[in-house]
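Written below as structure tokens is the structure these notes are about.
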Amino acid sequence: MSILLTNIKQLLQVRNDAPEFLAGKEMQNLPILENAWVWLEDEEIKDFGTMGNLPKINATQTIDCTGRVVLPSWVDSHTHLVFAGTREQEFVDRINGLSYQEIAERGGGILNSAKRLQEASEESLYEQSAKRLEELIKLGTGAIEIKSGYGLTTEAEMKMLKVAKKLEKNYPVTVKTTFLGAHAVPETYKENKAGYMDLIINDMLPKIAKKGLADFVDIFCEKGYFSIEDTERLLAAAKEYNLIPKIHVNQFNAIGGIPIAVKYNALSVDHLEVITDEDIEALRDSRTMPVALPTCSFFISIPYSNGRKIIDAGLPLALASDLNPGTTPSGNMNFVVATACIKMRLTPEEAINAATVNGAYAMGVSDTHGSITKGKKANLIITNKVSSYNYLPYAFGSNLVDKVILNGKLV
Ligand code: NIG
Ligand code: FE
């Protein structure tokens, strides 16, 4: 099976030697071929070039991309795609004046989702999640990280991760899984957070690791959730199981989680709606990717991460959706990229780099995803006819994804 795309108006993110990630000023550079072709064979990108130098290629299928932009599929390195039920009542409560924290204090928030998830059968959870994943594939997501964290019991956390693994098996999208048992303290441990940490460390972690259900470990390091002491304890324990940290940190308060994440070689630190100069210094010269989630800020009306400050400090930045029932009920990466441009003042080049190359780094798939590079996965988005790639974030409410190719096959 081979597909040849011809007459591509702009082929984005073309890299002969794909960098692991891009930082600071490098993020401004988005390499492009105008009037280009790209040849996909089996599951991989075989070759590419400009139409003036198109060799004779015997492809099974040729797609004329006149007037269209072609780019690598989005890499969404932070989602909670597996969840049960929805929380639109909390959305209405917020419109009527309650804050995210106030809703959580009244038993809403993560605990609301945990209750529904514990009650849902694995089959129903799979059905609900598969529907969401299908929508995202059509919107151009080709690799996705999925967290647990709405189970909050050993059994329910494992149920979530099993569903994520089953999605990976049944869909052409690349999936990585993250164990987020430390997402909130469940009702039963309300007065005994240390007991819940013991359960996570002595029961959940070993069982999940033994079954190979998670690639990464996460914790919601935040006032009212888990402290920096809890964070350090978890990351130290997870190290024994080779679970790499990717943590929720600095969403509402900067309590010192970033330096600890860096100390434990976290692959990413995510949210960062608040960030201090000390945090920026801790990230400098580290291999930890800062990840911004602008559509979470959009939906719950909290400040946007200062991506400008992060990039201008010479650091890398990735963008992800944070799809979840509470703070971001959308996994549309096109909207994430647009929101980053509109609200965080990232240029289209920076935002596209952040959602492809840097997203791939933030979920450990940079060898195979994130750029048009020979030998990488044949995962592409073909857009509608557009005037230029700048039109993609500009026309933020339109769905401009015409076709999607994953693993070398049209979806
Ligand atoms: O990434 N901040 C923590 N976790 C999720 C939201 C969880 C929820 O409200 O269900 C987030 O925004
Ligand atoms: Fe999240």
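When a ligand or atom number is given, it counts from 1 through the structure's own listing order. Here the structure is a predicted model, which means the values were calculated and not measured.
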task = Under 4.0 Å, heavy atoms only, figure out whether ligand 1 is touched by the backbone of Q251, its side chain, both or neither.
result = side chain

request  = Among the N/O/S atoms of H78, select the one at the shortest distance from the Fe ion (ligand 2) and name it.
outcome  = NE2

task = Look at ligand 1 and say whether Y150 reaches it with a heavy atom at a distance under 4.0 Å.
result = yes

note = Answer key: the N, O or S atom of H248 nearest to the Fe ion (ligand 2) is NE2

Heavy atom of E222, distance to ligand 1 below 4.0 Å = no

query = Is the distance from the Fe ion (ligand 2) to some N, O or S atom of H271 under 2.8 Å?
reply = no

ask   = Is the closest N or O pair between T327 and ligand 1 shorter than 3.5 Å?
value = yes

message = Looking at E135 and R132, is any side-chain nitrogen of the basic one under 4.0 Å from a carboxylate oxygen of the acidic one?
response = no

ask   = Do any of the N/O/S atoms of D322, backbone or side chain, fall under 2.8 Å from the Fe ion (ligand 2)?
value = yes

task = Could you list which atoms of ligand 1 come closer than 4.0 Å to a heavy atom of Y100?
result = 6 (C), 7 (C), 8 (C), 9 (O)

ask   = Can we call the ring centroids of F335 and F298 under 6.0 Å apart?
value = yes

note = A student checking ligand 1 against H248 at a 4.0 Å heavy-atom cut-off should list atoms 1 (O), 2 (N), 3 (C), 4 (N), 11 (C)

